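As the structure is a computational prediction, the values presented were derived from the model and not from experiment.
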Amino acid sequence: MSLLDDLIKMDLSDTTEKIIAEYVWIGGSGMDLRSKARTLSGPVTDPSKLPKWNYDGSSTDQATGEDSEVILYPQAVFKDPFRRGNNILVMCDAYTPGGEPIPTNKRFNADKIFSHPNILAEEPWYGIEQEYTLLQKDVNWPLGWPLGGYPGPQGPYYCGVGADKAMGRDIVDSHYKACLYSGINISGINGEVMPGQWEFQVGPSVGISSGDQLWMARYILARITEIAGVVLSFDPKPIEGDWNGAGAHTNYSTKSMRKDGGINVIKKAIEKLGLRHKEHIVAYGEGNERRLTGRHETADINNFSWGVANRGASVRVGRDTEKAGKGYFEDRRPASNMDPYVVTSMIAETTILWNP
């Protein structure tokens with residue numbers, strides 16, 4: 001195995017200027033990530049300098065066999081923590097040969113929203129708290145749990161330390177460092193309330209880059225769990241019963257919210273979100289009704305609420321924001337399997353462009 005390890009870690013920059021570009025895109029389910037690699041003649045950091053590519057959409061449930069070609073448009077470039085050197089990971093979105101975005105391309109519409117002059121002027125910042133669950137391979141049972149059984153009740157696991165409390169820390173820490181290496185603005189990690197469940201945070205990121213970075217962070221995590229032989233789950237309620245679900249709390253602010261007196265802008269934005277609550281819930285992740293029950297630090301899915309420091313509300317305003325009279329708020333409704341392109345652009349569109 002040592003020779004194989006040596007080959008995997010080989011630095012190509014000593015022998016060739018050529019690099020490997022791993023093109024990454026979102027498959028037909030809206031959550032499955034796909035990727036394939038190609039050789040380029042030299043280092044590239046600007047996505048506009050990268051060639052478009054194609055793939056067989058009939059094999060990803062994104063096209064028919066009779067007309068299967070789907071075109072990848074490079075949108076964001078990251079350093080590759082697996083191949084290293086000058087090699088890169090490329091976040092792409094997908095189009096028909098005629099240049100039309102395919103139905104599962106949610107980035108296209110998000111980019112249109114974020115390109116609106118009123119939204120550009122407000123410089124929307126996002127910080128997304130991505131929760132996820134690590135599962136034992138073949139049995140789909142949380143990592144560290146006894147097979148067919150349960151660990152002790154929730155309480156000691158949140159930010160816990162020890163072999164009986166923190167299951168999978170090596171995976172989590174590897175992901176943290178790999179994201180930093182890649183240029184993703186990952187801002188932290190922590191163990192979550194349910195054992196085997198963890199969280200990483202991406203942000204602050206501006207506009208469309210928030211979605212690009214979160215999707216690439218998910219891809220890197222999927223690759224690391226692949227190496228570790230562990231299954232990655234973004235199910236919003238992986239274990240039924242008295243166990244916390246998994247969300248993707250989305251922290252948000254605009255330039256007006258960050259200025260003195262911004263608390264009034266925040267309150268108006270929250271009011272707008274309440275008026276479009278049902279519309280947002282539909283777009284906030286599949287199976288979210290199993291998570292948003294009013295228990296386990298969630299609000300009931302049918303009722304919109306907000307409060308200061310209230311983790312049982314739909315939207316939470318922090319004590320620091322209340323005290324300063326400006327800052328940000330947290331939308332606690334998005335599920336762990338939400339599409340960040342959809343959620344971030346929808347929050348911006350509702351709070352900045354929409355007039356009730």
Side-chain angles (χ1 to χ4, degrees), residues 122 124-132 153-161 185-194 197-205 210 214 236-237 242-277 280-281 284-285 288-289 291-336 338 340 343-344 346-348 350-352:
E122 283 290 351
W125 291 4
Y126 298 91
I128 301 176
E129 305 170 29
Q130 176 68 72
E131 295 177 344
Y132 61 93
Q154 296 183 154
Y157 309 108
Y158 173 70
C159 297
V161 178
N185 193 25
I186 185 170
S187 49
I189 57 169
N190 61 267
E192 268 304 328
V193 177
M194 190 184 86
Q197 190 180 90
W198 293 81
E199 173 184 299
F200 66 88
Q201 302 94 35
V202 169
S205 306
S210 179
L214 189 70
K237 187 72 174 179
D242 197 18
W243 303 98
N244 274 36
H249 304 150
T250 302
N251 299 275
Y252 169 71
S253 71
T254 63
K255 185 184 288 187
S256 298
M257 294 175 190
R258 297 187 291 268
K259 290 180 178 177
D260 289 343
I263 190 69
N264 296 316
V265 181
I266 288 172
K267 288 178 179 178
K268 289 177 182 176
I270 293 172
E271 182 181 356
K272 286 184 174 184
L273 289 174
L275 293 173
R276 297 183 80 181
H277 175 63
H280 278 253
I281 285 295
Y284 273 18
N288 210 10
E289 71 283 352
R291 168 180 162 261
L292 296 180
T293 62
R295 300 182 63 220
H296 305 111
E297 299 181 289
T298 70
D300 185 276
I301 194 169
N302 297 307
N303 301 303
F304 181 85
S305 60
W306 76 276
V308 176
N310 184 358
R311 283 180 163 77
S314 307
V315 170
R316 179 184 69 88
V317 174
R319 288 284 181 205
D320 52 349
T321 296
E322 180 189 47
K323 183 178 179 180
K326 60 183 177 180
Y328 70 97
F329 64 83
E330 174 193 38
D331 191 337
R332 296 180 58 80
R333 297 171 295 172
S336 51
M338 63 80 158
V343 169
T344 57
M346 194 172 193
I347 291 173
T350 293
T351 60
I352 300 172

Rounded to the nearest 0.5 Å, how far does [atom2] of [Y] lie from [atom1] of [X]?
| X | Y | atom1 | atom2 | value |
| --- | --- | --- | --- | --- |
| Asp242 | Arg295 | CG | CZ | 5.0 Å |
| Leu214 | Met338 | CG | CE | 6.0 Å |
| Met257 | Glu122 | CE | CD | 7.5 Å |
| Ile128 | Ser336 | CD1 | OG | 12.5 Å |
| Arg316 | Glu330 | CZ | CD | 4.5 Å |
| Lys259 | Lys326 | NZ | NZ | 11.0 Å |

Closest contact, heavy atoms only, [X] versus [Y]:
| X | Y | result |
| --- | --- | --- |
| Ser305 | Gly312 | OG-O, 4.3 Å |
| Glu131 | His249 | OE2-CE1, 4.3 Å |
| Ser253 | Arg258 | OG-NH1, 2.8 Å |
| Thr344 | Ser210 | CG2-OG, 4.0 Å |
| Ala299 | Ala313 | CB-C, 3.7 Å |
| Val343 | Pro334 | CG1-CG, 3.9 Å |

Looking at [Y], is its backbone amide N or carbonyl O close enough to the side chain of [X] to form a donor-acceptor pair, meaning the two atoms are under 3.5 Å apart?
| X | Y | value |
| --- | --- | --- |
| Gln201 | Glu129 | no |
| Asn288 | Arg333 | yes |
| Asp331 | Thr250 | no |
| Thr298 | Thr293 | yes |

Side chains of Gln197 and Trp243, heavy atoms from C-beta outward: is any pair under 4.5 Å?
no

Please step through side chain to side chain contact (heavy atoms under 4.5 Å, CB included) for the pair Arg332 and Leu292, ending with a clear verdict.
CA-CA 10 Å; Arg332 296 180 58 80; Leu292 296 180; over 6 Å; no

Return yes if a side-chain donor-acceptor contact under 3.5 Å exists between Gln154 and Asn244, otherwise no.
yes

For residues 292-335, the ring pair (Phe, Tyr, Trp, His ring centres under 6.0 Å) pairs (sequence neighbours left out) are Tyr252-Phe329, His277-Phe304

Using a 3.5 Å cut-off and no angle test, enumerate the donor-acceptor pairs between side-chain atoms of residues 262-275 and protein atoms at least two apart in sequence or in another chain.
unit_1	atom_1	unit_2	atom_2	d
Lys272	NZ	Thr351	O	3.4
Lys272	NZ	Trp354	O	2.7

Residue of the set Trp198, Tyr158, Phe200 for which side chain to side chain contact (heavy atoms under 4.5 Å, CB included) holds with Asn190
Tyr158

